[in-house]
Amino acid sequence: MKETKQFEAESKELLSLMINSIYSNNEVFLRELVSNASDAIDKEKYQALNSNGLIPIREYEIKIVPSKENKTITIIDNGIGMTKEDLINNLGTIARSGSKDFVKKFKEAKDKKYGDIDIIGQFGVGFYSAFMVSKNIIVETKTDEGDAFRFESNGESTYTIEESSKDNAGTEITLILKDDTEEVKFSDYLEEYTIKELIRKYSDYIRYPIRMMVTKSRKKDDSDEWESYLEEETLNSMVPLWKKNKKDVSDNDLNEFYKMKFYDYIDPLLSIQLNIEGKVDYKALLFIPSHKPFDLYSENYEKGLQLYSKEIFIQEKCPELIPDYLKFVKGLVDSDSFNLNISREMLQKTPMLKSIADNIEKKIIDRLKKLKDEEFNKYLTFWKEFGEHIKYGIYQSYGEKKELLSDILIFNSLKEDKYISLKEYIEKKAEDQKYIYYISGQSLDQIKMLPQIEKYRNVGIDVLLLDKKIDEFTIQMMRDYSKVEFKNIASEDSLELKDDEKEKLEKLSSDHKTLLDTLKEALKESVDDVVISNKLVESPVCISTKNGLSMEMEKTLNEEKVIDEDIKATKVLELNPNHELFSVFSSIESDTELVKEYASVLYDEALLLEGFEVSNKREFVNKLNSLMIKAFKK
């Protein structure tokens, strides 16, 4: 008995979006249906292997049957098949686990004019890609022990389900193609050469034979005449790309595989093909994208590599195979060493998996180091997209990964005015320089204007410019590089002084003790100390910090609400003894009330020079106005 059912409202919207939107690559329908057929065989084979002989292992295959006469193309598999409930759940309710998200992302992609970006397979709706080329779809399916059923829909508002006469397990999907238009010649998909090319382009790695009757020619017996005949031909190599010899795999093969497999529209920045033999044997294909995945920072983003064992698909995303800081890496791992009889949960926790994961992490970092050393401009592309993830790897591990990752870190350099590595910094520093100097800020332009930089620039000491929030936290976790400690030039004791310089500074501090004490008392709510500076050249004041917590770190920690209370850095107001403003204050230092009155102006000026907001703008402006009025009256 034929039943007519309505698509769910959400599914209708998705169908309308897919069918009526113009894709430049509607050819992906064949890839999606072949992939679905392969998945169905994977499931059938997995069940057979674990059934203790109750389910026979058959000769698995996928067949493609085009019919120019009927304007149909049929994809047939002898996989697991579907029950009536499966048809309703999987085809009647499109992308039941993610269609809302799909619709949202689809609309976003169209708004951004990325209409040709292939995002079909990401939300489990690959079957419905067939409506881009079909006006009607018929699905006949049967499980090993169950009844056969027929599903039919024109992709509008309803579908029908009825019993079928299909007598063998598996699924047949017949597409009745749309009529040709001026824009699209749908009948091309019935041509043998088109089907062959699409299988080679998208599905050559499928491990099961994809077969089709093809037209061939031969000489007639005892004649010079040629005749045509039909012969079944296997269209795919059946050797997964990751199992091919490296010399037989071109960069183009890797690029096309990546784009097809991971739904990207741009070639990967880097491809890594691994064939590891040792305590644990495995093969892997790893890809570093050229750009951040659009959902990389969403709550729903799942890291992980695809996991295969003995050519059986085990897991779509195995998170144990990749560390958090490399979550942007795409790829797959295939190993014959796993025991398929153990559960998936046990498999994920096996030490063997941990060993593979550690090895993969090291291989990725080794490859990035090589890229940095040999193709620095290309490495810059990687760094600008994913550099913060590498720094996060050091921070997240509390510095445990610094030996692994420190040689691929790069930072902007004050002296070089470009990105340099820590190794380059060490090689170019003066022999008697004890530290690797750095300073952090909100942007490179803002950092370069900081007062603390002035003396380092003048004497030719290089400083690393940290313009990302995570930079300073990473440096703190590292503590040193190649046994040379890091030192923030915004710290009070950053600059190394000679003995005569120390003596001069001590005398200045002693001579102006009254001024320093008065300012310290006036600013006790804002700073912990007021001192004579040894690092300022042109600026009158700056704010330095003590005990390792800089003002930038204070700001970040408070923004992130690490704890309920505000975190406070130990601040020190530094005065430039060579600036005219210091001379003016020195001349009135005996008038403690007047010094106190304008102490906050000095502090607020220092805040502004550091790139921070003044807390009480009205008071700051009033005091400036007062100073100008007094100056003009004189």
Enquirer: Hey, is NZ on Lys43 packed in by over 12 heavy atoms from elsewhere, all under 6.0 Å?
Expert: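 Not more than 12 within 6.0 Å, no.
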Enquirer: Test of understanding: with side chain to side chain contact (heavy atoms under 4.5 Å, CB included), list the residues that count as partners of Asn236, not counting sequence neighbours.
Expert: Ile199, Asp204, Ile206, Ile210, Thr234, Met238
Enquirer: Tell me, which pairs form a side-chain hydrogen bond (donor to acceptor under 3.5 Å, both in side chains) where one or both residues lie in residues 269-288, sequence neighbours left out?
Expert: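 Applying side-chain hydrogen bond (donor to acceptor under 3.5 Å, both in side chains) to every pair that reaches into residues 269-288, excluding sequence neighbours, yields Tyr282-Asn359.
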Enquirer: Can you tell me how far apart CG (Leu380) and CD (Glu385) are? Round to the nearest 0.5 Å.
Expert: 12.0 Å
Enquirer: Can you tell me how far apart CG (Leu285) and CG (Asp334) are? Round to the nearest 0.5 Å.
Expert: 10.0 Å
Enquirer: Do Gln396 and Asp324 get their side chains close enough for a donor-acceptor pair, meaning under 3.5 Å?
Expert: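 Yes.
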Enquirer: Can any side-chain N or O of Asn78 pair as donor or acceptor with the backbone N or O of Glu59 at less than 3.5 Å?
Expert: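 Yes; at least one donor-acceptor contact below 3.5 Å.
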Enquirer: Do Lys166 and Glu140 sit within salt-bridge range, that is, some charged N less than 4.0 Å from a carboxylate O?
Expert: no
Enquirer: Who are the side chain to side chain contact (heavy atoms under 4.5 Å, CB included) partners of Asp180, not counting sequence neighbours?
Expert: Lys185, Phe186, Ser187
Enquirer: Is it the case that the side chains of Thr215 and Glu192 hold a donor-acceptor pair, with the cut-off being a distance below 3.5 Å and no angle test?
Expert: yes
Enquirer: Does Ser38 reach the main-chain N or O of Val34 with its side chain, forming a donor-acceptor pair under 3.5 Å?
Expert: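 It does not hold such a pair.
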Enquirer: Side chains of Tyr208 and Asp42: donor-acceptor distance under 3.5 Å anywhere?
Expert: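 Distance-only check passes for Tyr208 and Asp42.
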Enquirer: Hey, are Lys196 and Glu233 close enough for a salt bridge, meaning a charged N less than 4.0 Å from a carboxylate O?
Expert: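 A salt bridge links Lys196 with Glu233.
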Enquirer: Compute whether any side-chain donor of one residue and acceptor of the other, for Ser250 and Asp253, lie under 3.5 angstrom apart.
Expert: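 Side-chain D/A pair, Ser250 to Asp253: present.
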Enquirer: Between Lys362 and Asp358, is there a salt bridge with N-O shorter than 4.0 Å?
Expert: no
Enquirer: So that I know where these two stand, are Phe287 and Tyr258 an aromatic pair - ring centroids less than 6.0 Å apart?
Expert: yes
Enquirer: Glu3 versus Glu162: any side-chain heavy-atom pair under 4.5 Å?
Expert: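 They are not in side-chain contact.
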Enquirer: Under 3.5 Å, is there a donor-acceptor pair linking the side chains of Asn70 and Ser67?
Expert: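 The answer is yes; a qualifying pair exists.
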Enquirer: Any side-chain heavy atom of Ile176 within less than 4.5 Å of one from Ile137?
Expert: no
Enquirer: Identify whether the distance between the nearest side-chain nitrogen and carboxylate oxygen of Asp147 and Lys142 falls below 4.0 Å.
Expert: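 Salt bridge absent between Asp147 and Lys142.
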Enquirer: Mind checking whether Phe386 and Phe382 have parallel, tilted or perpendicular rings, split at 30° and 60°?
Expert: tilted
Enquirer: Between Glu232 and Lys63, does any NZ, NE, NH1 or NH2 come within less than 4.0 Å of an OD or OE carboxylate oxygen?
Expert: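 A salt bridge links Lys63 with Glu232.
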Enquirer: Could you check whether any side-chain heavy atom of Lys261 comes within less than 4.5 Å of a side-chain heavy atom of Gln306, counting everything from C-beta outward?
Expert: yes
Enquirer: Is a side-chain donor or acceptor of Lys378 paired with a backbone partner of Leu269 at a separation under 3.5 angstrom?
Expert: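 Checking the backbone N and O of Leu269 against the side chain of Lys378, a donor-acceptor pair under 3.5 Å is found.
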Enquirer: Taking NZ, NE, NH1 and NH2 as the nitrogens, is one of them in Lys220 or Glu227 under 4.0 Å from a carboxylate oxygen of the other?
Expert: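 Between Glu227 and Lys220 there is no salt bridge, as every charged N stays at least 4.0 Å from the carboxylate O atoms.
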Enquirer: Which heavy atom of Gln6 sits nearest a heavy atom of Thr158, and at what distance?
Expert: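 Reported closest heavy-atom pair: NE2-CG2, 3.4 Å.
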Enquirer: CD1 of Ile410 to CZ of Phe376: how many Å apart, nearest 0.5 Å?
Expert: 4.0 Å
Enquirer: Using a strict 4.0 Å threshold on nitrogen-to-oxygen distance, state whether Lys327 and Glu302 make a salt bridge.
Expert: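 Looking at Glu302 together with Lys327, the answer is no, because their closest N to O distance does not fall below 4.0 Å.
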Enquirer: Between Glu163 and Arg150, is the closest basic N to carboxylate O distance under 4.0 Å?
Expert: no
Enquirer: Is the distance between the ring centroids of Phe29 and Tyr189 under 6.0 Å?
Expert: yes
Enquirer: Heavy-atom distance under 4.5 Å between the side chains of Leu270 and Leu368, does that happen here?
Expert: yes
Enquirer: Checking side-chain polar atoms at under 3.5 Å, does Tyr325 have a donor or acceptor matched by the opposite partner on Glu361?
Expert: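 Glu361 and Tyr325 do have a side-chain donor-acceptor pair below 3.5 Å.
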Enquirer: Check whether any side-chain heavy atom of Ile64 lies under 4.5 Å from a side-chain heavy atom of Ile73, and answer yes or no.
Expert: yes
Enquirer: Rounded at 0.5 Å granularity, tell me how far NZ in Lys2 sits from OG1 in Thr160.
Expert: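 Result: 5.0 Å between the selected atoms.
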Enquirer: Does a side-chain heavy-atom distance below 4.5 Å link Phe151 with Thr141?
Expert: no
Enquirer: For the side chain of Thr74 and the backbone of Glu172, is there at least one donor-acceptor N/O pair under 3.5 Å apart?
Expert: no
Enquirer: Under the 3.5 angstrom rule, does the side chain of Arg58 hit a backbone N or O of Gly79 as a donor-acceptor pair?
Expert: yes
Enquirer: So, does Lys5 use its side chain to make a donor-acceptor pair with the main chain of Ile161 at under 3.5 Å?
Expert: no
Enquirer: How many angstroms lie between atom CD of Glu152 and atom CD1 of Ile138, to the nearest 0.5 angstrom?
Expert: 4.5 Å
Enquirer: Indicate yes or no for a side-chain donor-acceptor contact from Asp86 to the backbone of Thr83 under 3.5 Å, with no hydrogens or angles considered.
Expert: yes
Enquirer: Measure from the side-chain N and O atoms of Lys178 to the backbone N and O of Ser134, and report whether any donor-acceptor pair falls under 3.5 Å.
Expert: no
Enquirer: Got a donor-acceptor contact below 3.5 angstrom from the Thr194 side chain to the Asp188 backbone?
Expert: yes
Enquirer: Is Asp366 reaching over with its side chain to a backbone N or O of Lys363, donor-acceptor style, under 3.5 angstrom?
Expert: no
Enquirer: Would you verify whether the NZ or CZ of Lys244 falls within 45 degrees of the ring axis of Phe257 while also being under 6.0 Å from that six-membered ring's centre?
Expert: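 No cation-pi geometry.
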Enquirer: Do Pro66 and Ile195 come within less than 4.5 Å of each other through their side chains, counting heavy atoms only?
Expert: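 Touching, per the 4.5 Å side-chain cut-off.
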Enquirer: Indicate yes or no: at least one non-hydrogen side-chain atom of Asn252 is less than 4.5 angstrom from one of Glu256.
Expert: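 A side-chain contact under 4.5 Å exists here.
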